[in-house]
Q: 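Submitted below is the structure of interest, expressed as structure tokens.
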Amino acid sequence: MSDFPSSYDPKLVEDSIYNMWEESGLFNPDTVKGSGDRVQGIGPTSFSVVLPPPNVTGTLHLGHATMLAIEDIMVRYHRMKGDDTVWVPGTDHAAIATQNVVEKKLWKEEKKTRHDLGREKFLKKVDEFVKASKDTIHRQMRKMGASLDWSREAYTLDAPRERAVRTAFKMMYDDELIYRGHRIVNWCTRCQSTLADDEVSYKEEKTKFYYLKYGPVVIGTARPETKFLDKVIIVHPKDKRYESMVGTSFDVEWIDGTVKATVVADESAEMEMGSGAMTITPAHSFTDFALAQKYGFEIHQIINEKGVLTDAAGDMAGMPVAQAREKVIERLQAKGLVDHIDENYVHNLSVCYRCDTPVEPLVSQQWFINVNKNVEVRSRKLEKIVGKKQASLKEMAAAVVRNGAIKIIPKRFDKTYFHWMDNLRDWCISRQIWFGHRIPVWYCHAKEARIQNLESRRKQKGLNSKFKILDSEIGCKPIVSIDTPDGCPSCGNSQLEQDPDTLDTWFSSGLWTFSTLGWPQSVNREQATGNSDLKRFHPTSVLETGYDILFFWVARMILMTTYVLGEVPFETVYLHGLVRDEQGRKMSKSLGNAIDPLIVSEKYGTDAVRLALVVGTTPGNDLKLSEKKIEGYRNFVNKLWNVARYVSSQGPGSRVQGSDIDDSTLYPRRPLDPLSPPERYSISHERPGRISVEPGRRNLKGIYLGRSRRLVRRRLKAPSAKRKAKRIDNAYLIPNTLYHTQTVASVYAVCDRGDLQQDKRDK
RNA sequence: GGGCGCUUAGCUCAGCUGGUUAGAGCGUCUCGUUUACACCGAGAAGGUCUGGGGUUCGAGUCCCUAAGCGCCCACCA
């Protein structure tokens, strides 16, 4: 009793209990399997979850805490139930985000840019940062009580994952799914990189909308600074105003002298918009680029990667966009070409979702994954699901959800998933940043150099080249390889240059469920059965994550996995909601309403925090959290603690009447035995629904925990017992949730006791 | 423009395939208790389930409709 304080103090037990468990090795399924009679109950069923890897940019927030709590509940339940259970921890290198953080830090501390350091030194800095950050995150995950198998820890940018990335890249390249091409992309002039469609967000902005006289027509634009070389006027084919002009060409007085303009009819011009006529700028607008491809118009770059004008702007070359806009208008005004200006034009400005910088659509050379090209379906099983032997990435990824091979909870997200998948465009996977998986493509310039050399010598000697050099002979083919190549296979040159770009961070996280389980090596970790992790645990059972990254991540995992393995990455997707503050606002540092899970864990105990995050929530719905709620669960946990204290005070060696609990189980010195599972549970991917444990202040009523089967039975017999019995069922999750106090056993006891008391009262 | 969700006790939310008097926590009120627990106990009050219409023996639950709130996607020369 002396070591049993009258109220629960998490600080006294949390860390030591976690350490005890970790050292016991029971988080590792290999240990569990190998531990003989103690875990004889381990069955053939496996249960596997890979942790959505937190970004190495920062510390854990409540979203992470929610994820850890829910997954820990599922995992602990299955482990106790006797399933071969693994939960794989890891972190994500979060390419752009991390590079940004380190760049900022570098500037603050040393007033240097990454270019001052150079690629190698800069990456070293990033690695240092990442290492420190990872340590913090690991400590925090332990503090949250997550029963992760640390022996299988992974990082999206470590060596095994790099091998997976390169292997997948090569597979796709060989299947001609990966190609390099000029395309218009969203470009962030600050991050100096492309942005995927879903990395662009929109912000409403009031700006000026200019009506300019362009020859005989008036065109409307919000971006006059891009219009130097506009030569095509697009009008709607049914627009009577311009009908007679279609197909004609004429000279037009414009920003820099005259240009020859042509009028083309296309339905993309909206008659109601502006004047109904527009000129197009293919290099800086998505729709214009599409039109240019359709009709074969010239494409001129006006703005460069840094957001300043190119030589195409004549004397305005080198000018930043905003300044150029005014200048252009000034000039047009001088020429009398400004018809009028709408000062109150409101539109959605596209901005970078990370840094809020306005996005410049630019044409550049990038690597893409073709999502529409048909490839062989890799397994019979998937073939059956898709319904054909060849399919596109898109089709496969949609089919597995449509067919039910992957179940999304809550179901309503199916629709949004399909909508997104059906409208998916080719995925741009190259990023112009340094931190990340370098694209595994090498170029050999030897032949090219030799030829140039030869030519210049000929020129020196005053000779003309007799032979025309064929395009295909200039340079060797790019080398795509898993291992860094020693030399060029076609010419033997050992001076190869690797593609400077890195891969979109989602490329590596798309492989996460299987790259963490040994693919492509299929390491043989488990000698008892001879099964590789991949065979043993893939497809994973559940992917549990926030609905906000359904598209960013979940969809891409499905895409990648169905292609690479011909298998689904997971059977169930369980989506949790966002944690909001009391007023329903998003938690953010700037608003000052963010609750730090670690601080409240210190204050109220981890159990209280976990319960507050988990009880009363439903999948896919946001959760409003207040410190008051956490406090409520602190009280609840304390209640359980005192239940245990009371039971143990009944004397050493005593058994609690009506239960198989003795005092040694109440305050265990050893890890919770995985052989004693709760018999039912409710929070699960199998049975979604609100977690409805109703902790009461009332002594026992309403707690209904553990295996008080008699209680359940009695309730069932009572009239109108259906509903109540259900509630009792739901309550079974608690033993999984409470991981620290280990009052699980005492809760069992209390229930039995409560039952007895209840019986007495009834009599 | 397309799609999704929410509206149930003062507050935060459960209520699955329609079935007897609609549930929980917090809060409120009354009474009690200080050797398991004041981070306490016993009990009580509190709801025309957003409005309207329909299907049904029966609707919080299904259908239609209106309103308010919220979210996602697309796009805007």
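Below, read A as the first sequence line, B as the second, and so on, with proteins coming before strands; counting in each chain starts at 1. Side-chain atoms are counted along with the backbone in the values below, which use heavy atoms only and exclude waters and symmetry mates.
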Q: Would you indicate, yes or no, if B:A36 has its OP1 or OP2 atom less than 4.0 angstrom from a side-chain nitrogen or oxygen of A:N638?
A: no
Q: Return the value, rounded to whole Å, for the distance between atom CG of A:D622 and atom P of B:C72.
A: 10 Å
Q: Figure out the CZ/P separation between A:F418 and B:G2, and round it to whole Å.
A: 22 Å
Q: Mind checking the P distance from B:C49 to B:G60? Whole angstroms is fine.
A: 7 Å
Q: Would A:Y214 and A:E253 count as having a side-chain donor-acceptor pair, cut-off 3.5 Å?
A: no
Q: If you assign A:N423 and A:E582 each to the RNA chain B nucleotide with the nearest heavy atom, which residue ends up on the more 5' nucleotide?
A: A:E582
Q: Partner of B:U48 by Watson-Crick or G-U wobble geometry, both contacts under 3.5 Å, or none?
A: none
Q: Need one value for A:T287: base, sugar-phosphate or nothing, where a base atom within 4.0 Å counts as base even if backbone is also close, heavy atoms only.
A: sugar-phosphate
Q: Given atom CZ of A:F286 and atom C1' of B:A74, what is their separation to the nearest angstrom?
A: 13 Å
Q: Classify the nucleic acid contact of A:T416 as base, sugar-phosphate or nothing, counting any heavy atom under 4.0 Å across all strands shown.
A: nothing
Q: Using whole Å, report how far OH of A:Y633 lies from C1' of B:C26.
A: 9 Å
Q: Tell me which nucleotide, if any, is Watson-Crick or G-U wobble paired with B:U17 when both distances must be under 3.5 Å.
A: none
Q: For A:W254 and A:K227, work out which heavy atoms get closest and say how close.
A: NE1-O, 2.6 Å
Q: Scan every strand shown for a Watson-Crick or G-U wobble partner of B:C11, both distances under 3.5 Å, and answer none if you come up empty.
A: B:G25
Q: Please tell me if A:T618 has a side-chain N or O lying less than 4.0 Å from either OP1 or OP2 of B:A14.
A: yes
Q: Do the rings of A:F297 and A:Y295 sit parallel, tilted or perpendicular, given the 30° and 60° boundaries?
A: parallel
Q: Counting only side-chain nitrogens and oxygens, does A:K624 get under 4.0 Å of the OP1 or OP2 atom of B:C13?
A: yes
Q: Is the closest basic N to carboxylate O distance between A:K586 and A:D581 below 4.0 Å?
A: no
Q: Where do A:D288 and A:T281 come nearest, in terms of heavy atoms and distance?
A: OD2-N, 2.7 Å
Q: Taking the C1' atom of each, how far is B:G15 from B:U7, in whole Å?
A: 15 Å
Q: Tell me the partner of B:U34, counting only Watson-Crick (N1-N3 plus N6-O4 or O6-N4) or G-U wobble (N1-O2 and O6-N3) with both under 3.5 Å; none if nothing fits.
A: none
Q: Do the side-chain N and O atoms of A:D622 and A:Y547 include a donor-acceptor pair separated by under 3.5 angstrom?
A: yes
Q: Does B:C26 have its OP1 or OP2 closer than 4.0 Å to a side-chain nitrogen or oxygen of A:K628?
A: no
Q: Tell me which nucleotide, if any, is Watson-Crick or G-U wobble paired with B:C62 when both distances must be under 3.5 Å.
A: B:G54
Q: Figure out the OH/C1' separation between A:Y8 and B:C39, and round it to whole Å.
A: 13 Å
Q: Taking the P atom in each of B:A45 and B:C4, what is the distance between them to the nearest angstrom?
A: 43 Å
Q: Write down the distance separating the P atoms in B:G70 and B:U12, rounded off to the nearest Å.
A: 14 Å
Q: Distance between the C1' atoms of B:U55 and B:C13, in whole angstroms?
A: 30 Å
Q: Hey, is the side chain of A:N621 poking within less than 4.0 Å of OP1 or OP2 on B:C6, counting only N and O atoms?
A: no
Q: Run A:R241 and A:D239 through salt bridge (charged side-chain N to carboxylate O under 4.0 Å, His left out) and show every step you take.
A: CA-CA 5 Å; A:R241 291 170 292 183; A:D239 198 329; 2.9 Å; yes
Q: Classify the side chain of A:R412 versus the base of B:C4 as yes if they form a donor-acceptor pair under 3.5 Å and no if they do not.
A: no
Q: Could you give the distance separating B:G43 and B:A66 at their C1' atoms, to the nearest angstrom?
A: 43 Å
Q: Suppose you measure atom C1' in B:C73 against the same atom in B:A14; what distance do you get, rounded to whole Å?
A: 30 Å
Q: What is the distance from NZ of A:K411 to P of B:U17, rounded to the nearest Å?
A: 13 Å
Q: Considering Watson-Crick and G-U wobble pairs with both distances under 3.5 Å, what does B:G5 pair with?
A: B:C69
Q: Side chain of A:H419, heavy atoms from C-beta onward: which of B:C40, B:C75, B:C73 has the nearest atom to it?
A: B:C73
Q: Whole angstroms only, please: what is the CG-P distance between A:L623 and B:C6?
A: 17 Å
Q: In whole angstrom, what separates A:L578's CG from B:G5's P?
A: 18 Å
